[in-house]
Amino acid sequence: MAKKVAVVLAGCGVFDGSEIHEASAVLVHLSRAGAQAEIYAPNVAQMHVVDHVKGQPTQEQRNVLVESARIARGNVKDLATLDVKGLDALIIPGGFGVAKNLSTWATQGKDCSISKEVEVVLRAFHAARKPIGLCCISPVLAAKLFPGCEVTVGHDTECEQWPYAKTAEAMKELGCRHVNSKVTEAHVDARNRLVSTSAFMCNAPVHHVHDGVGKMVQEVLRLA
């Protein structure tokens, strides 16, 4: 039987929702592997809406579930209805929506809180020993909830190629072990059954990001 994988989105668009290329890569690689994706998103208001041309917030208001439906082609479910029993794995693509709509990392860093629904889902998969795949910024969710876990957001030294490397330092302060990796690689924490890849934490060609997401999906399905 095809493995069923929950994909949790945080809206639509890198600056205020899920990173669209990452979300698409996850769905493509799951499809290629013969797995079935079930897409979920929380039915909540976005923290704010960003004009992606200007890179600035607007006065507009949008809903995370409604916006996620754009990526899901309408086939998206309320995260509150997710039942871990019928699923084999969980994947959360990145994008600022993870740090704004699924948590408060964008404003509070390591002192953030995580959305209750998101926390319940992550803890349920972790307790059931079902694998969790994380892209880009989403490993911060695991760092916050599972002290001592191993994840990667790429590199821990900031430079032009790795502009968000300070994230790794904040995760270490939470008791997480950060593992430096290339954008085309994925890191597996076998003990916690976490698989992470840096994706657009790196200034890299989109096909390299796509390949790294593919490695993450491959390892998640291997563990499922």
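In what follows, every heavy atom counts, from backbone to side chain, and hydrogens, waters and symmetry copies are set aside.
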A.B. asks: Run the side chain to side chain contact (heavy atoms under 4.5 Å, CB included) test on V5 and Q36 for me, step by step, so that the C-alpha distance in whole Å, both residues' side-chain angles and the decisive distance to 0.1 Å come before the verdict.
C.D. replies: CA-CA 6 Å; V5 180; Q36 179 182 335; over 6 Å; no
A.B. asks: Any donor-acceptor pair under 3.5 Å linking the side chain of K144 with the backbone of I114?
C.D. replies: no
A.B. asks: Tell me whether the count of non-hydrogen atoms from other residues, nucleotides or ligands lying under 6.0 Å of CZ in R129 goes above 12.
C.D. replies: yes
A.B. asks: How many angstroms lie between NZ in K3 and NZ in K130, if you round to the nearest 0.5 Å?
C.D. replies: 12.0 Å
A.B. asks: Does a side-chain heavy-atom distance below 4.5 Å link K100 with H48?
C.D. replies: yes
A.B. asks: Which atom names give the shortest non-hydrogen contact between G95 and E22, and what distance separates them?
C.D. replies: N-OE1, 4.3 Å
A.B. asks: Quick test of your reading: applying ring pair (Phe, Tyr, Trp, His ring centres under 6.0 Å), list the pairs with at least one residue in residues 167-210, sequence neighbours left out, ordered by first then second residue.
C.D. replies: H29-H210
A.B. asks: Can you name the nearest heavy-atom pair linking S138 to I92, along with the distance?
C.D. replies: OG-O, 2.8 Å
A.B. asks: Of the non-hydrogen atoms in H52 and V50, which two are nearest, and what is the gap between them?
C.D. replies: ND1-O, 3.0 Å
A.B. asks: Whether the side chain of S18 engages the backbone of C12 through a donor-acceptor N/O pair (distance < 3.5 Å, no angle test) should be reported.
C.D. replies: no
A.B. asks: Can L122 be reached from L82 by stepping across I, L, V, M, F, W or Y side chains whose heavy atoms are under 4.5 Å apart?
C.D. replies: yes
A.B. asks: If we ignore hydrogens and angles and just use 3.5 Å, is the side chain of S196 paired with the main-chain N or O of T152 as donor and acceptor?
C.D. replies: yes
A.B. asks: Under 4.5 Å between side-chain heavy atoms, counting indirect links through other Ile/Leu/Val/Met/Phe/Trp/Tyr residues: same cluster for L194 and V220 or not?
C.D. replies: no
A.B. asks: Let me confirm one number: the CG-CE distance from L221 to M216, rounded to the nearest 0.5 Å.
C.D. replies: 9.5 Å
A.B. asks: Kindly compute the distance separating CG (D189) from CZ (R177), expressed to the nearest 0.5 Å.
C.D. replies: 9.0 Å
A.B. asks: Quick one, L87 with V84, criterion side chain to side chain contact (heavy atoms under 4.5 Å, CB included). Give me CA distance, side-chain angles, the key distance, then yes/no.
C.D. replies: CA-CA 5 Å; L87 297 159; V84 68; 5.5 Å; no
A.B. asks: How close do V76 and A41 get, counting heavy atoms only, and between which atoms?
C.D. replies: CG2-N, 4.0 Å
A.B. asks: Would you check if L90 and V8 make a side-chain contact, meaning some heavy-atom pair closer than 4.5 Å?
C.D. replies: yes
A.B. asks: Give a yes or no on whether a salt bridge exists between E67 and R70, defined as a side-chain N under 4.0 angstrom from a carboxylate O.
C.D. replies: yes
A.B. asks: Is any side-chain heavy atom of S198 closer than 4.5 Å to one of W162?
C.D. replies: yes
A.B. asks: Drop me the distance from E119's CD to S103's OG, to the nearest 0.5 angstrom.
C.D. replies: 11.5 Å
A.B. asks: CG/N192 to CD/E150 distance, rounded to the nearest 0.5 angstrom?
C.D. replies: 8.0 Å
A.B. asks: Mind checking whether V217 and L141 sit in one hydrophobic cluster, side chains of I, L, V, M, F, W, Y counted as touching below 4.5 Å?
C.D. replies: no
A.B. asks: Evaluate side chain to side chain contact (heavy atoms under 4.5 Å, CB included) for T197 paired with E185, printing each intermediate quantity in order.
C.D. replies: CA-CA 6 Å; T197 188; E185 297 174 334; over 6 Å; no
A.B. asks: Of all residues at least two apart in sequence or in a different chain, which pass the ring-ring contact (aromatic ring centres under 6.0 Å, His included) check with F146?
C.D. replies: H126
A.B. asks: Is a donor on one side and an acceptor on the other found under 3.5 Å between the side chain of D83 and the backbone of G86?
C.D. replies: no
A.B. asks: Go through the steps for K215 and E219 under the test salt bridge (Lys or Arg N to Asp or Glu O under 4.0 Å), then give the verdict.
C.D. replies: CA-CA 6 Å; K215 290 282 180 61; E219 292 297 330; over 6 Å; no
A.B. asks: Hey, is the main chain of L65 close enough, under 3.5 Å, to the side chain of N43 for a donor-acceptor pair?
C.D. replies: no
A.B. asks: So, K77 side chain and E38 main chain: donor-acceptor pair closer than 3.5 Å or not?
C.D. replies: no
A.B. asks: Say whether, by atom type as modelled, one donor and one acceptor occur between the side chain of R193 and the main chain of I132 under 3.5 angstrom.
C.D. replies: no
A.B. asks: In terms of hydrophobic clusters joined by side-chain contacts under 4.5 Å, are L134 and V26 together?
C.D. replies: no
A.B. asks: Does V98 belong to the same Ile/Leu/Val/Met/Phe/Trp/Tyr cluster as Y164, with side-chain heavy atoms less than 4.5 Å apart forming each link?
C.D. replies: yes
A.B. asks: Working to the nearest 0.5 Å, report the span between CD1 of I39 and CG of L79.
C.D. replies: 13.0 Å
A.B. asks: When the ring planes of F15 and F96 are compared, do they come out parallel, tilted or perpendicular, using 30° and 60° as the limits?
C.D. replies: tilted
A.B. asks: So does D156 pair up with K172, basic N to acidic O under 4.0 Å?
C.D. replies: yes
A.B. asks: So which atom in G212 and which in A186 form the shortest heavy-atom distance, rounded to 0.1 Å?
C.D. replies: O-CB, 4.5 Å
A.B. asks: So, the side chain of S68 versus the backbone of V64: is there a donor-acceptor pair under 3.5 Å, distance only?
C.D. replies: yes
A.B. asks: Spell out, as yes or no, whether a donor-acceptor pair under 3.5 Å connects the side chain of E169 to the backbone of K166.
C.D. replies: no
A.B. asks: Does N101 use its side chain to pair, donor to acceptor, with the backbone of M47 at less than 3.5 Å?
C.D. replies: yes
A.B. asks: I need the minimum non-hydrogen distance between C135 and P93, along with the two atoms involved.
C.D. replies: CB-CA, 3.9 Å
A.B. asks: Does any non-hydrogen side-chain atom of E19 lie less than 4.5 Å from one of C136?
C.D. replies: no
